[in-house]
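Input: a single structure, listed below in structure tokens.
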Amino acid sequence: MLNKGSNYHRNNAVFRSPISALLLCTIAAMASFYVAGRLWQDAENRVYLGKELDRITGQGKSSISVDDTLKIIGCREQLKKLTALETDLAAARQQGFVSNHLSTTKTPPDKRPLLVIGVLTGFGRRNNREVIRKAWMSTGEALKKMEDQKGVIARFVIGRSANRGDSLDRGIDIENKNYNDFFVLESHVEAPMELPKKTKLFFAHAAERWEAEYYAKVNDDVYVNIDALGSTLAAYIDTPRVYIGCMKSGEVFSEEGQKWYEPDWWKFGDGKTYFRHASGELFVISKALARFVSINRSILRTYAFDDVSTGSWFIGLDVKHIDDKKFCCASWSTGGICAGA
């Protein structure tokens, strides 16, 4: 019995040993690949960090911090992701799958317009538009000539009716067909209290459509001296972030029912005074600021008035505020840029 039992256990051990050995070999191989991969990755990181250490120590620093190490590794990962995205984008372009934002053709610097002017108008303001067309904006070939020779693009900016497709919308479409001088904000519903949002959308969409050096907002009862405006802006062409206009401040009205009532009056402190901002008749922002508005449009706060709203967007940024009295449109003056109707 002992011999039989001994043989049975010995034979069973022999039977199981090949399976156990194969399983162990598989696990060992997988562990080897994993360890080798980690060592290879760590070796790459060490080489890269060594180069960064040499660069940093060459700048007078004695060591590289943990934060710097993490930043370097993070940058490498982001670079890999960016390279992969660029590859995917190139493939998408070949197949025609490109978004409107990415398909915008970059304008060569010598063909880039100097200025895009948005004349904010509304329904029932056709008489104002006709006066502006005759006074300074021109129509047809003259409007095209202003774009080609002076680098100034001017458009009437308007949204859509709350009753989409009604007679108000059709009237604008007919007028635009005759003059081709509208910039229609299809996603914006026209309403007097929505002017700050409309101004924001104008800057955002204009920056996407035209790659200009400057973008100006003008009311449709203001006359503009295009030559004087162009000459003034040329002086700031090397300043990347400028906000130009007739700077002002003023009282914040906190009582509902007042003409200039500000619902968010409490945000302006006990003094109830607005920060400095450009008067809303005419003001200009540079390309970098227009792009900032375009990128951040969904989170930029608007207040009761578009001039205050615009000023608030640039309070915390490194922006040069230019207070130019030629932008004060109360009346024409020597070298003046604008005048109110």
Side-chain angles (χ1 to χ4, degrees), residues 78 82 85 89 99-109 111-120 151-155 157 159 183-188 194-219 229-230 232-249 262 264 267-268 274-324 327:
Q78 292 300 323
L82 180 60
L85 287 173
L89 177 60
S99 69
N100 292 334
H101 296 292
L102 295 175
S103 63
T104 302
T105 303
K106 293 296 182 182
T107 307
K111 299 290 185 180
R112 188 176 299 161
L114 172 68
L115 172 67
V116 174
I117 301 176
V119 183
L120 270 64
V152 177
I153 297 172
R155 295 289 187 273
V157 181
F183 186 29
V184 180
L185 303 175
E186 297 290 348
S187 63
H188 178 70
E194 295 294 338
L195 181 58
K197 180 181 177 182
K198 182 178 178 180
T199 299
K200 179 173 65 173
L201 290 177
F202 159 65
F203 284 129
H205 291 300
E208 293 171 356
R209 180 168 176 177
W210 295 286
E211 191 178 1
E213 297 296 335
Y214 299 100
Y215 301 82
K217 177 263 176 177
V218 183
N219 287 343
L229 178 57
T232 299
L233 296 180
Y236 303 107
I237 201 72
D238 294 326
T239 306
R241 295 175 299 277
V242 290
Y243 171 39
I244 311 171
C246 179
M247 296 294 168
K248 64 175 186 176
S249 185
E262 173 60 70
D264 287 324
K267 293 183 178 180
F268 297 92
Y274 286 119
F275 41 74
R276 300 288 286 179
H277 60 277
S279 178
E281 288 85 1
L282 166 64
F283 59 84
V284 178
I285 64 175
S286 59
K287 172 175 57 180
L289 298 186
R291 288 178 177 174
F292 170 80
V293 174
S294 179
I295 293 169
N296 297 284
R297 74 188 77 169
S298 63
I299 59 174
L300 290 177
R301 181 73 171 83
T302 56
Y303 293 94
F305 310 106
D306 69 325
D307 52 358
V308 174
S309 299
T310 302
S312 73
W313 303 333
F314 309 138
I315 284 292
L317 304 181
D318 182 15
V319 173
K320 186 175 181 61
H321 287 59
I322 307 296
D323 183 12
D324 192 330
F327 283 76

Q: Nearest 0.5 Å please: distance from the CG atom of Leu282 over to the CG atom of Asn219.
A: 9.0 Å

Q) Rounded to the nearest 0.5 Å, what separation is found between the NZ atom of Lys200 and the OG atom of Ser294? A) 11.5 Å

Q: Could you tell me whether the side chain of Val319 reaches within less than 4.5 Å of the side chain of Val242, counting heavy atoms only?
A: no

Q. Is there a donor-acceptor pair closer than 3.5 Å between any side-chain N or O of Ser286 and the backbone N or O of Pro240?
A. yes

Q | Value rounded to 0.5 Å, distance of CG in Leu300 from OG in Ser309 | A | 10.0 Å

**Q.** Closest non-hydrogen atom pair, Met247 against Ile322
**A.** CE-O, 3.6 Å

Q. How far does NZ of Lys248 sit from CG of Asp307, to the nearest 0.5 angstrom?
A. 4.5 Å

Q: Inspect the contact between Glu281 and Lys217 and indicate whether a charged nitrogen and a carboxylate oxygen are less than 4.0 angstrom apart.
A: no

Q) Is NZ or CZ of Arg301 both nearer than 6.0 Å to the six-membered ring centre of Tyr303 and within 45° of the ring axis? A) yes

Q. Any side-chain heavy-atom pair from Leu229 and Phe327 closer than 4.5 angstrom?
A. yes

(Q) Using 0.5 Å steps for rounding, measure from the CD1 atom of Ile244 to the NZ atom of Lys320. (A) 10.0 Å

Q: Evaluate the ring planes of Phe203 and Phe283, with Trp represented by its six-membered ring, and classify them as parallel (under 30°), tilted (30 to 60°) or perpendicular (over 60°).
A: tilted

(Q) For a side-chain contact (heavy atoms from CB on, under 4.5 Å) check, start with the C-alpha distance between Thr310 and Tyr243, then their side-chain angles and the critical distance, and finish with the verdict. (A) CA-CA 10 Å; Thr310 302; Tyr243 171 39; 4.2 Å; yes

(Q) Applying side-chain contact (heavy atoms from CB on, under 4.5 Å) to Val308 and Phe275, what does each step give before you reach the verdict? (A) CA-CA 8 Å; Val308 174; Phe275 41 74; 3.8 Å; yes

Q. Which atoms form the tightest heavy-atom contact between Ser249 and Arg276, and what is the distance?
A. N-NH1, 3.7 Å

Q. Do the rings of Phe314 and Phe292 sit parallel, tilted or perpendicular, given the 30° and 60° boundaries?
A. tilted

Q: Specify the closest pair of heavy atoms between Tyr214 and Val284, including all atoms of both residues, with the distance to one decimal.
A: CB-CG1, 3.7 Å

Q) For Lys197, does the NZ atom have more than 12 heavy-atom neighbours from other residues, nucleotides or ligands under 6.0 Å away? A) no

Q. Between CH2 of Trp210 and CG of Leu115, what distance do you get to the nearest 0.5 Å?
A. 11.0 Å

Q: Using a strict 4.0 Å threshold on nitrogen-to-oxygen distance, state whether Arg241 and Asp318 make a salt bridge.
A: yes

Q) Under the 3.5 angstrom rule, does the side chain of Asp324 hit a backbone N or O of Gly245 as a donor-acceptor pair? A) no

Q.
Between Glu211 and Lys287, does any side-chain N to carboxylate O distance fall below 4.0 Å?
A. no

Q: Might you work through the side-chain contact (heavy atoms from CB on, under 4.5 Å) test for His205 and Glu186, ending with a clear yes or no?
A: CA-CA 11 Å; His205 291 300; Glu186 297 290 348; over 6 Å; no

Q. Can you name the one residue among Val218, Leu201, Leu185 that meets side chain to side chain contact (heavy atoms under 4.5 Å, CB included) with Val157?
A. Leu185

Q: Under the side-chain contact (heavy atoms from CB on, under 4.5 Å) rule, what do Ile117 and Ile153 come out as? Steps first, then yes or no, please.
A: CA-CA 6 Å; Ile117 301 176; Ile153 297 172; over 6 Å; no

